[in-house]
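Small disclaimer: the values here were computed from a predicted structure and weren't measured.
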Amino acid sequence: MAFYLVIGCGVVGLTTALELKAKHPDAKVVIAARYLPGDSVAEYASNWGGANWFPASFDNGRLEKWDAITYRKLKILASERPDSGVKAMNIKFHYDQPIEEVGILTPATGKLWFEDLVGGLIPIEKEDLPSGAVFGFEMASFVMDVQRYLPWLQMQANSLGIEIHRRIFKDIHDAFEEYPGTSAVFNCTGIGSLKLGGVKDEKMFAARGQIMLVEGPKEPLRTMYFRAPHRDADATHIFPRGKDGRTGVILGGCREKHNWNGEVDLEFAEEIKKKCCELAPQLGKPEDLKVFKHGVGLRPGREGGARIEPEYIDGRMVIHNYGAGGTGFQASWGMANEAVSCLAERARL
């Protein structure tokens, strides 16, 4: 019987394990990880996700495929498994520069690749744009309550017989020794791949994000909101949780590359409040927001993008699946699909 070990239990590790079990139902699958759903540490970025589906890819290739596969999966979950914490919700996104300058068009086509996938885009009229915004659209998307979604993925794994173990590996060889006989090891350690012996990917960096969870306003938020100067800039985002934001609203944020500070910056939190209230006035005044908690997540950024590829290390097959940066939730099922497909590379290595 095939035996697969997945190292890492963030959204990428969990979806990889579930994809493995779906494609190889008779195989033994074990997840071994330092952090599990519910752990509140900056290095476990999945716990601090907003989270939603919002396309960041424009390569006319595999990255767009990852996002598309995940969109279709989330559509199924939102419809058939409301207990998953995935909810269909439109998003209004705005940019402060012309569309040709913000970096969201696919260069090969000059188009927004996801327009057909989401069922079309609704332009936001000029008079409805926030001050300073140049253009905006509204589209069908999905919001994920990570406090429900991650435990749901974990429970799905448990129900399929996937074992989950708490483990700390300083070196990939530790996993080989503790779990002998594995057919393949899937490295889904995210930012941990920078220091994991036998891997030590120096292309990895922290992309710091900061969010807060606030009480939902009396006037319900019917959509998510997003605003940025351009694609790679700090973005203001608003993600309601639960029906009409009844279980809170996530406000963010930032994308600070190479910033490893896992502490909350309360001064910056005030800036987040201000920007979010300007974007969605129904939130009320910044000083009146009721904050449940603040959070910082160190997204697993990687120069050149995510790494999904097989490798032999001392005769053991390792399939890497990490480095999604801030796109882990929206690309996870597509990344898992490609990583599991790498098993077919065994004969060619």
Does the [X] side chain pair with the main chain of [Y], one donor and one acceptor, at a distance under 3.5 Å?
| X | Y | result |
| --- | --- | --- |
| Trp48 | Gly295 | no |
| Arg302 | Gly305 | yes |
| Asn259 | Glu256 | no |
| Glu311 | His320 | no |
| Asn321 | Val12 | no |
| Tyr95 | Ile104 | no |
| Arg166 | Ala33 | no |
| Glu80 | Ile76 | no |
| Asp288 | Gly284 | no |
| Thr70 | Trp66 | yes |

I'd like to check [X] versus [Y] (side-chain heavy atoms, cut-off strictly below 4.5 Å). Are they in contact?
| X | Y | result |
| --- | --- | --- |
| Leu74 | Met144 | yes |
| Asn158 | Gln156 | no |
| Lys290 | Val214 | no |
| Ile162 | Val30 | no |
| Tyr322 | Met204 | yes |
| Phe176 | Val318 | yes |
| Met155 | Trp152 | no |
| Phe239 | Phe226 | no |

Of the non-hydrogen atoms in [X] and [Y], which two are nearest, and what is the gap between them?
| X | Y | value |
| --- | --- | --- |
| Lys21 | Leu160 | CE-O, 3.2 Å |
| Leu121 | Pro123 | O-CD, 3.5 Å |
| Leu298 | Asn261 | CD2-O, 4.0 Å |
| Lys75 | Phe142 | CA-CZ, 3.4 Å |
| Gly198 | Asp171 | N-OD2, 3.8 Å |
| Gly325 | Arg299 | O-CB, 3.6 Å |

Tyr4-His24 aromatic ring centre distance below 6.0 Å: yes

Candidate list Lys65, Arg62, Arg307, test salt bridge (charged side-chain N to carboxylate O under 4.0 Å, His left out), partner Glu338, passing option: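 Among Lys65, Arg62, Arg307, the one meeting salt bridge (charged side-chain N to carboxylate O under 4.0 Å, His left out) with Glu338 is Arg62.
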
Greater than 12 external heavy atoms within 6.0 Å of Glu287's CD: yes

Other residues, nucleotides, ligands: >12 heavy atoms within 6.0 Å of Lys23 NZ: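 Counting neighbours around NZ of Lys23, more than 12 heavy atoms of other residues, nucleotides or ligands fall under 6.0 Å, so yes.
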
How long is the straight-line distance from [atom2] of [Y] back to [atom1] of [X], given to the nearest 0.5 Å?
| X | Y | atom1 | atom2 | answer |
| --- | --- | --- | --- | --- |
| Gln282 | Cys277 | CD | SG | 9.5 Å |
| Thr15 | Leu20 | OG1 | CG | 10.0 Å |
| Arg34 | Ile168 | CZ | CD1 | 4.0 Å |
| Leu283 | Lys273 | CG | NZ | 11.5 Å |
| Glu163 | Lys28 | CD | NZ | 5.0 Å |
| Met224 | Glu138 | CE | CD | 10.0 Å |

Any link between [X] and [Y] through a network of hydrophobic side chains (Ile, Leu, Val, Met, Phe, Trp, Tyr) touching at under 4.5 Å?
| X | Y | value |
| --- | --- | --- |
| Val185 | Ile319 | no |
| Val86 | Leu221 | no |
| Phe329 | Leu18 | yes |
| Ile191 | Tyr35 | no |
| Leu5 | Ile31 | no |

Full working for side-chain contact (heavy atoms from CB on, under 4.5 Å) between Val264 and Leu266: CA-CA 6 Å; Val264 172; Leu266 292 178; 3.8 Å; yes

With no hydrogens and no angle check, do the side chains of [X] and [Y] hold a donor and an acceptor under 3.5 Å apart?
| X | Y | result |
| --- | --- | --- |
| Ser57 | Asp59 | no |
| Ser193 | Asn187 | yes |
| Thr223 | Asn90 | no |

Tyr179 vs His165, side-chain contact (heavy atoms from CB on, under 4.5 Å): CA-CA, chis, key distance, verdict: CA-CA 11 Å; Tyr179 295 90; His165 303 166; 2.7 Å; yes

Step-by-step side-chain hydrogen bond (donor to acceptor under 3.5 Å, both in side chains) determination, Arg148 to Ser84: CA-CA 6 Å; Arg148 292 178 60 193; Ser84 67; over 6 Å; no

Leu14: which of Ser46, Pro37, Ser332 passes side-chain contact (heavy atoms from CB on, under 4.5 Å):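 Testing each of Ser46, Pro37, Ser332 against Leu14, the sole residue satisfying side-chain contact (heavy atoms from CB on, under 4.5 Å) is Pro37.
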
Once you measure the plane-to-plane angle for [X] and [Y], does it fall in the parallel (<30°), tilted (30-60°) or perpendicular (>60°) bin?
| X | Y | answer |
| --- | --- | --- |
| Phe93 | Phe54 | perpendicular |
| Phe205 | His258 | tilted |
| Phe135 | Phe137 | perpendicular |
| His94 | Tyr225 | parallel |

Counterpart residues, ring pair (Phe, Tyr, Trp, His ring centres under 6.0 Å), relative to Phe186 (two or more places apart):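 Expected list: none.
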
N-O pairing of Asp145 and Arg241 below 4.0 Å: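 A salt bridge links Asp145 with Arg241.
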
Salt bridge (charged side-chain N to carboxylate O under 4.0 Å, His left out) between Arg81 and Asp83, worked out: CA-CA 5 Å; Arg81 297 302 305 263; Asp83 57 321; 2.8 Å; yes

Salt bridge (charged side-chain N to carboxylate O under 4.0 Å, His left out) evaluation trace for Lys111 with Glu115: CA-CA 9 Å; Lys111 299 179 180 180; Glu115 184 169 0; over 6 Å; no

Derivation of the side-chain contact (heavy atoms from CB on, under 4.5 Å) call for Met212 and Ile250: CA-CA 6 Å; Met212 69 184 75; Ile250 292 289; over 6 Å; no

